[in-house]
Amino acid sequence: MSEESKSLNFIEHIIEEDLTNGMSKDDLRFRFPPEPNGYLHIGHTKAIGISFGLGERYNAPVNLRFDDTNPAKEEQEYVDAIKEDISWLGYTWSKELYSSDYFQQLYDWAVYLIKEGKAYVDSQSSQAMAEQKGTPTQPGVDGPYRNRSIAENLELFQKMKNGECEEGSHVLRARIDMKHTNMLMRDPLMYRVLKKHHHRTGNDWCIYPMYDWTHGESDYLERISHSLCSLEFKPHRELYDWFLDQVVASDTIRPKQREFARLNLSYTIMSKRKLLKLVEDNIVSGWDDPRMPTISGLRRRGYTPNAIRKFVETVGVAKRDNVIDVALLEFCIREDLNKTAPRVMAVLDPVKLVITNYPEGKEEWLEAENNQEDDSAGFRKVPFSRELYIERDDFKEQASSNYFRLTLGKEVRLKNAYIIKGERVVKDAAGNITEIHCTYTEDTSKKVKGTLHWVSIKHAIKAEVREYDRLFMDESPDAHPEKDFMEFLNPESLKIITAYVEPSLKDAKIGERYQFQRLGYFNVDKDSSAEKLMFNKTVGLRDSWAKESQSVGSGEKQSEKQSKAQNNQPQRKAIDIIQQLGKKYTNLPEEKQLKTKAEIQEHAKNVSYDDLHPWFNTAAKKVGTRIATMITLRVLLEQGLDKNEDINTFVASGLEDTNEALVTESKNISRL
């Protein structure tokens, strides 16, 4: 088997086999068929990526067909939003089509099936039909209207169409087999009476076709070669084929339905019905609330099309349903924004810093690099003065040896500026620190371990920052039959804080993305204005949930850990765990590499520079360990560790290596 063949997913293998067996490439045609009853969410991106990705791979047309057969739930707003989302993701459809385009043809075919004795009008109640349909282990029984005459069926169906029948009084059913082992084949519904205004056809129709009847016939009319859908439709394939058997001509392309595993994401709801409830109950501000898993919500939060497409590509195409860790999605946006987002300074939890030996009234405009990952990004000027804001967490009166930030009696570097030394603090009556007093030196060649970000109080711009957390606290909020998914809502999913940002952001435009240095990635919200800047936190620099999820195990595991701690049994050090993860790193597939990298980054928070330094001399052949070392080093540098000669030498050796992953990690550090 060739390398190219090995890299194909199972759907591509099916297509390649069809081409080998005589299908012309010119006959390939795909479609994405959303129902316009809500906004697209992250789960839909997989189906979008598969269909449009195949279109790109085979240079084949991909139709966007709206499955608009239920006017009670469908709206033009959803049609417009779906089109916007797909375009934003970077995909272009061949034709914009609607199931409603085929209402007349579907009706004509239904009349044909009645004349052939393969469809009939049933006048039972829905409850009676359900009872006579049987169960998965018991066959169904024929209903009292199954043997109506063709003439009576045609007359009743015409009355249904003309609006002469009330909703629920009649349905049209296919006449297949009430004892069939597949319950979907037990005389499925084809039409129901529904007197609702349709967003495209208005009040032209009083009957609307069911999904199973509409879907395959629409594929056939559009000459779709491969009808791709998620696994829950696999039992429907037999019915899909039966309906096609009734209308397909021998000399035309017959669609082939094939199923793939849907995309499920941890801590996330994928049901449009449940997402609508969040909107209607005002739990969120709308479909595009940045906490929502909708594409519009992710876009507003600051996600990029590249990150989402990379995520879908990494997840891949599978035959079995599984749950993907949301940390992988967050990892993909971090990696993308790391390359593209300009670096700026902002302070979210400010404490005042006074440089006592810096002249009062003096100010300087210092040069700062815009993005170390992009040589063309250039530089900007940032103002510096005697009084600054720094993060409250960046100072401790007393600190351990692996604390790289400011403390009394020790020196740290201010990013793009000078080295300062903590001297004393000023506290209020409650003992809270209100000011930190320090001194500075213009000798910036000194070797210090920590680097802090800051903003000049005199020049800072006040901004509203919206910090988002996961909307649900349970990994599978809708997987508890005995509980309502709303019980797992996270009450702390949104925090609105007042922050201070550097003046270069004064003219920031809606949608623009930035890295607030050492804090994370943020973008300008659509509610922002010249009078009031508003930023959404897209994602932190590292996964803040990893450590928490590891510590919250089952009661038994937690008890075991506590027991070990009480017995003073040795616990594995973070550095040892990182080393173990590094050993297997290069042997992992890409998805698992990304997860392992996120795990290394989390453990790196508990590693000191002294722990890591001996690894700089790791043998060249142990490339996985060197990659893990480089990933850990980057975390320490982002926490405030200052570069030194040993670090620069180690990074330089990584840049010269032949392993692409190691070179990439080395570049990430060299540009910090």
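Hydrogens, waters and symmetry mates play no part in the numbers below; they use all other heavy atoms, side chains included.
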Query raised in the report: Is there a donor-acceptor contact under 3.5 Å from the side chain of K272 to the main chain of E35?
Result: yes

Report task. Identify whether the distance between the nearest side-chain nitrogen and carboxylate oxygen of R291 and D289 falls below 4.0 Å. Result -> yes

Query raised in the report: With no hydrogens and no angle check, is any side-chain donor or acceptor of R186 less than 3.5 Å from a backbone partner on K133?
Result: yes

Query raised in the report: Quick one: does D281's side chain have a donor or acceptor within less than 3.5 Å of a partner on I283's backbone?
Result: no

Query raised in the report: Got E12 and N9 here, is their nearest side-chain heavy-atom distance under 4.5 Å?
Result: yes

Requested in this report: Evaluate ring-ring contact (aromatic ring centres under 6.0 Å, His included) for F32 paired with Y91, printing each intermediate quantity in order.
Outcome: CA-CA 11 Å; F32 175 62; Y91 295 113; 9.5 Å; no

Query raised in the report: Would a 4.5 Å heavy-atom cut-off, applied to side chains only, mark I333 and R301 as touching?
Result: no

Query raised in the report: Parallel, tilted or perpendicular: which fits the ring planes of F103 and Y208, with parallel below 30° and perpendicular above 60°?
Result: perpendicular

Query raised in the report: Centre of F10's six-membered ring, under 6.0 Å away, within 45 degrees of the axis: is that where NZ or CZ of K319 sits?
Result: yes

Query raised in the report: Under the 3.5 angstrom rule, does the side chain of Q132 hit a backbone N or O of V141 as a donor-acceptor pair?
Result: yes

**Report entry** Intermediate values then yes/no, ring-ring contact (aromatic ring centres under 6.0 Å, His included), H215 and Y211
**Finding:** CA-CA 6 Å; H215 191 64; Y211 173 85; 4.8 Å; yes

Query raised in the report: So, for H480 and F488, is the gap between ring centers shorter than 6.0 Å?
Result: yes

Query raised in the report: Under 30°, 30 to 60°, or over 60°: which ring-plane class applies to F472 and F485, parallel, tilted or perpendicular?
Result: tilted

Query raised in the report: What heavy-atom pair brings P209 and L106 nearest, and what distance separates the two atoms?
Result: CG-CD1, 4.1 Å

Query raised in the report: Out of L329, L275, L265, which one pairs with P293 under the side-chain contact (heavy atoms from CB on, under 4.5 Å) rule?
Result: L275

Query raised in the report: Less than 6.0 Å separating the ring centroids of Y39 and Y78?
Result: yes

Query raised in the report: Mind checking whether Y98 and F66 have parallel, tilted or perpendicular rings, split at 30° and 60°?
Result: parallel

Query raised in the report: Is I86 close to W93 at the side-chain level, that is, under 4.5 Å between some pair of heavy atoms?
Result: yes

Report task. Could you walk me through whether F331 and F311 pass ring-ring contact (aromatic ring centres under 6.0 Å, His included), step by step? Result -> CA-CA 9 Å; F331 179 88; F311 170 68; over 10 Å; no

Query raised in the report: Do R309 and E56 meet the salt-bridge criterion of a basic N to acidic O distance under 4.0 Å?
Result: yes

